[in-house]
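Here it is, the structure in full.
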Amino acid sequence: MGSSFQRTVSIFLAFFLCFIQISPIYCEEKVSLTLYYESLCPYCSNFIVNYLPKIFKNGLIDVVDLKLVPWGNTKLQANNTFKCQHGPAECFLDTLEACAIDAWPDLNEHFPFIYCVESLVYHKNYTQWETCFEKLNLKAKLVKDCVGSGRGKELELRYAAETNALQPPHKYVPWVVVDGQPLYDDYRDFISYICKAYKGTTPIPGCSSSVNVIKMGKKISPFCLKQAAISKLSTISSTFTSSVNRVKLAASA
C-alpha cells in the first residue's frame with residue numbers, strides 16, 4: 001500500500017513538473033545506471049572514486065537514474081548468513097553503505113558518504129569510516145542504528161535477491177548495467193553507453209558528439225571474480241601446470 005502510494009505521488013510529481021515547465025529535462029525518460037559492487041573490491045572502489053563521479057559533471061546526472069547495490073560476490077549461506085569475498089570487514093561496510101542509502105534516499109545525500117568510505121578503501125584506510133560522518137556533517141545515529149539492528153541485514157538480503165536475480169547473471173564486480181544491459185569489462189566507458197541510450201531531445205553537454213562514441217579495442221578493465229569462478233580458474237591452471245610438468249618429465253626420461 002505504502003509503496004503504491006509513493007509511486008502514484010512520484011508519477012503525479014513528474015507530470016506536475018512537466019506541466020509547469022520548470023525544465024524540459026523533467027519530461028524526458030532518464031537512463032538507468034546500476035552499479036553492483038562490494039565495498040572492499042579494489043576495482044569497485046577505484047570505479048566509485050575515479051570514474052563514477054563523472055556523471056555529476058556537464059549536466060549528465062540530469063538524465064541518469066543512478067542506483068548503487070552493495071552486495072557483489074557475497075555468498076548467502078544457511079540461516080541467511082553472509083560470507084563476503086574480502087572477509088567480515090566487507091560485510092560490515094556493505095551493510096553500512098546499504099544503511100546510508102536507506103537513511104538518505106536522495107542520491108545527493110548518500111553518494112557523498114559512499115564516495116567518502118570508498119575513498120578510504122581506495123587509500124587502504126577504511127577503518128576510519130566513521131570520519132565520513134563528521135567530514136560531511138551527517139548524523140551518524142540513523143546509519144549506526146540501522147547497522148546494529150535487523151534493518152541492515154534486511155536491506156542486504158534485498159540486495160542479495162536483486163543481485164542473484166540478474167539476467168544475465170553477474171560474473172564479477174564492478175558489474176555496471178545501463179538500461180538493463182551489462183557493460184561487462186567495458187564498464188569504465190559507461191558514459192558512452194549512457195549517451196547512446198539517452199533518447200531525450202534536450203542537449204546534454206556531457207554527451208557531446210566526441211564523447212558519444214563507444215570505443216572498440218580497449219584494454220580489459222580489471223574486476224573481482226566470483227569465488228566459484230576463481231576456484232574454477234585455479235583448477236584449470238593446476239590441471240594445465242600438471243600436464244606441462246608431465247610433458248617435461250616424459251621429455252627428460
Point-to-point distance, once rounded to the nearest 0.5 Å, from OG1 of T34 to NZ of K67: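 Answer rounded to 0.5 Å: 6.5 Å.
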E118: side-chain hydrogen bond (donor to acceptor under 3.5 Å, both in side chains) partners, not counting sequence neighbours: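 side-chain hydrogen bond (donor to acceptor under 3.5 Å, both in side chains) check on E118 returns nothing, list empty.
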Just by distance, with hydrogens left out, do S39 and D94 show a side-chain donor and acceptor under 3.5 Å apart?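 Side-chain D/A pair, S39 to D94: present.
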Ring centre gap for Y187 and W175 strictly below 6.0 Å: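 No, the ring of Y187 stays outside the 6.0 Å limit from the ring of W175, centre to centre.
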For a side chain to side chain contact (heavy atoms under 4.5 Å, CB included) check, start with the C-alpha distance between E38 and W71, then their side-chain angles and the critical distance, and finish with the verdict. CA-CA 5 Å; E38 56 196 26; W71 176 262; over 6 Å; no
Transitively linked via ILVMFWY side-chain contacts under 4.5 Å: V147 with L120?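 Cluster IDs for V147 and L120 differ.
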Treating D179 as the side-chain partner and S32 as the backbone partner, does any N or O pair qualify as donor plus acceptor under 3.5 Å?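 Checking the backbone N and O of S32 against the side chain of D179, a donor-acceptor pair under 3.5 Å is found.
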Please report the shortest heavy-atom distance between K196 and K199, naming the atom on each side.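 So the two residues come closest at O-NZ, 3.6 Å.
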Are I55 and L33 close enough that some pair of their side-chain heavy atoms sits under 4.5 Å apart?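 They are in contact (side-chain heavy atoms under 4.5 Å apart), so the answer is yes.
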Quick one: does any side-chain atom of T163 pair with a main-chain N or O of A160 as donor and acceptor, under 3.5 Å?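 Answer holds: no.
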Does L157 share a hydrophobic cluster with Y159, counting links as ILVMFWY side-chain heavy atoms below 4.5 Å and allowing steps through other members?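 Hydrophobic grouping puts L157 with Y159.
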Is the centre of the F190 ring less than 6.0 Å from the centre of the F47 ring?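 Yes - the distance between ring centres of F190 and F47 falls below the 6.0 Å cut-off.
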Can V178 and Y198 be said to form a side chain to side chain contact (heavy atoms under 4.5 Å, CB included), step by step? CA-CA 10 Å; V178 173; Y198 176 58; over 6 Å; no
Could you measure the distance from the NZ atom of K139 to the CG atom of D145? Nearest 0.5 Å is fine.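 If I round to the nearest 0.5 Å, the distance is 12.5 Å.
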Rounded distance (nearest 0.5 Å) linking atom OG of S192 with atom CG of L183: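 These two atoms lie 10.0 Å from each other.
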If we ignore angles and hydrogens, is there a donor and acceptor under 3.5 Å between the side chains of Y36 and E162?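 Result is yes, a qualifying pair exists.
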Close side-chain approach of Q85 and C224, heavy atoms under 4.5 Å: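 Result yes, sub-4.5 Å side-chain heavy-atom pair found.
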Checking E97 against Y37: is there a side-chain donor and acceptor pair closer than 3.5 Å?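 A donor-acceptor contact under 3.5 Å links the two side chains.
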Should R188 and P222 count as side-chain neighbours, where that means a heavy-atom distance under 4.5 Å?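 Side chain of R188 against side chain of P222, heavy atoms only: contact under 4.5 Å found.
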Any side-chain heavy atom of L35 sitting closer than 4.5 Å to one from I48?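 In contact.
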State yes or no: do I194 and I61 share one hydrophobic cluster built from I, L, V, M, F, W and Y residues joined by side-chain heavy-atom distances below 4.5 Å, directly or via other members?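 Same cluster: I194 reaches I61 through Ile, Leu, Val, Met, Phe, Trp or Tyr contacts under 4.5 Å.
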How long is the straight-line distance from CG of L66 back to NZ of K30, given to the nearest 0.5 Å?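 These two atoms lie 10.5 Å from each other.
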Of all heavy-atom pairs between P174 and C44, which one has the smallest distance, and what is that distance?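 What the structure gives for the nearest pair is N-SG, 3.6 Å.
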Looking at every non-hydrogen atom in both residues, tell me the closest pair between N108 and D106 and how far apart they are.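 Shortest heavy-atom contact: N-OD1, 2.8 Å.
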Nearest 0.5 Å please: distance from the CG atom of L68 over to the CG atom of L107.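 So the CG of L68 and the CG of L107 are separated by 7.0 Å.
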Check the surroundings of atom CD in Q167: do more than 12 heavy atoms from other residues, nucleotides or ligands lie under 6.0 Å from it?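 More than 12 within 6.0 Å, yes.
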Check the side chains of S221 and D185 for a donor-acceptor pair under 3.5 angstrom, ignoring hydrogens and angles.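 On atom types as modelled, these side chains do not qualify, holding no pair under 3.5 Å.
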With a 4.5 Å heavy-atom cut-off, do V143 and L96 have their side chains touching?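 They are in contact (side-chain heavy atoms under 4.5 Å apart), so the answer is yes.
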Measure the shortest side-chain to side-chain distance between C116 and K135 over non-hydrogen atoms and say whether it is less than 4.5 angstrom.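 C116 reaches K135 side chain to side chain.
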L155 versus A98, closest heavy-atom pair with distance: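 For L155 and A98, the tightest heavy-atom pair comes out as CD1-O, 3.7 Å.
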Could you state whether F133 and F92 fall into the same hydrophobic cluster, counting links through intermediate Ile, Leu, Val, Met, Phe, Trp or Tyr residues with side-chain heavy atoms under 4.5 angstrom apart?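 Yes: a chain of side-chain contacts under 4.5 Å links F133 to F92.
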With a 4.5 Å heavy-atom cut-off, do V49 and Y115 have their side chains touching?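 SC-SC contact between V49 and Y115 confirmed.
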Under 3.5 Å side-chain donor-acceptor pair for N73 and H170: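 Note: N73 and H170 side chains meet the donor-acceptor criterion.
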May I ask you to test the V121-L40 pair for a side-chain heavy-atom distance under 4.5 Å?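 Yes, side chains in contact.
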For F82 and L76: C-alpha separation, side-chain torsions, deciding distance, then whether side chain to side chain contact (heavy atoms under 4.5 Å, CB included) applies. CA-CA 5 Å; F82 311 152; L76 190 57; 3.7 Å; yes
For the ring pair W104 and F113, is the centre-to-centre distance below 6.0 Å?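 When the ring centroids of W104 and F113 are compared, they turn out to be within the sub-6.0 Å range.
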Report the C-alpha distance between S45 and N50 in whole Å, list the side-chain angles of each, state the deciding distance to 0.1 Å, and finish with yes or no for side chain to side chain contact (heavy atoms under 4.5 Å, CB included). CA-CA 8 Å; S45 61; N50 296 316; over 6 Å; no
Hydrophobic cluster identity match, V176 and I114, side-chain contacts under 4.5 Å: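 Yes, because V176 and I114 connect within a single hydrophobic cluster, where side-chain heavy atoms sit under 4.5 Å apart.
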Closest heavy-atom contact between V173 and C41?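 That closest heavy-atom pairing would be O-SG, 3.9 Å.
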Less than 4.0 angstrom from a charged side-chain N to a carboxylate O is my criterion; do E154 and R151 meet it?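 Yes.
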Can you check whether L60's main-chain N or O pairs, donor with acceptor, with N58's side chain at less than 3.5 Å?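 No, the answer is negative, given that no donor and acceptor are paired below the 3.5 Å cut-off.
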Among residues two or more places apart or on two chains, list those pairs meeting disulfide (SG to SG under 2.5 Å) that have a residue in residues 59-91.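 Pairs touching residues 59-91 that pass the test: C84-C91.
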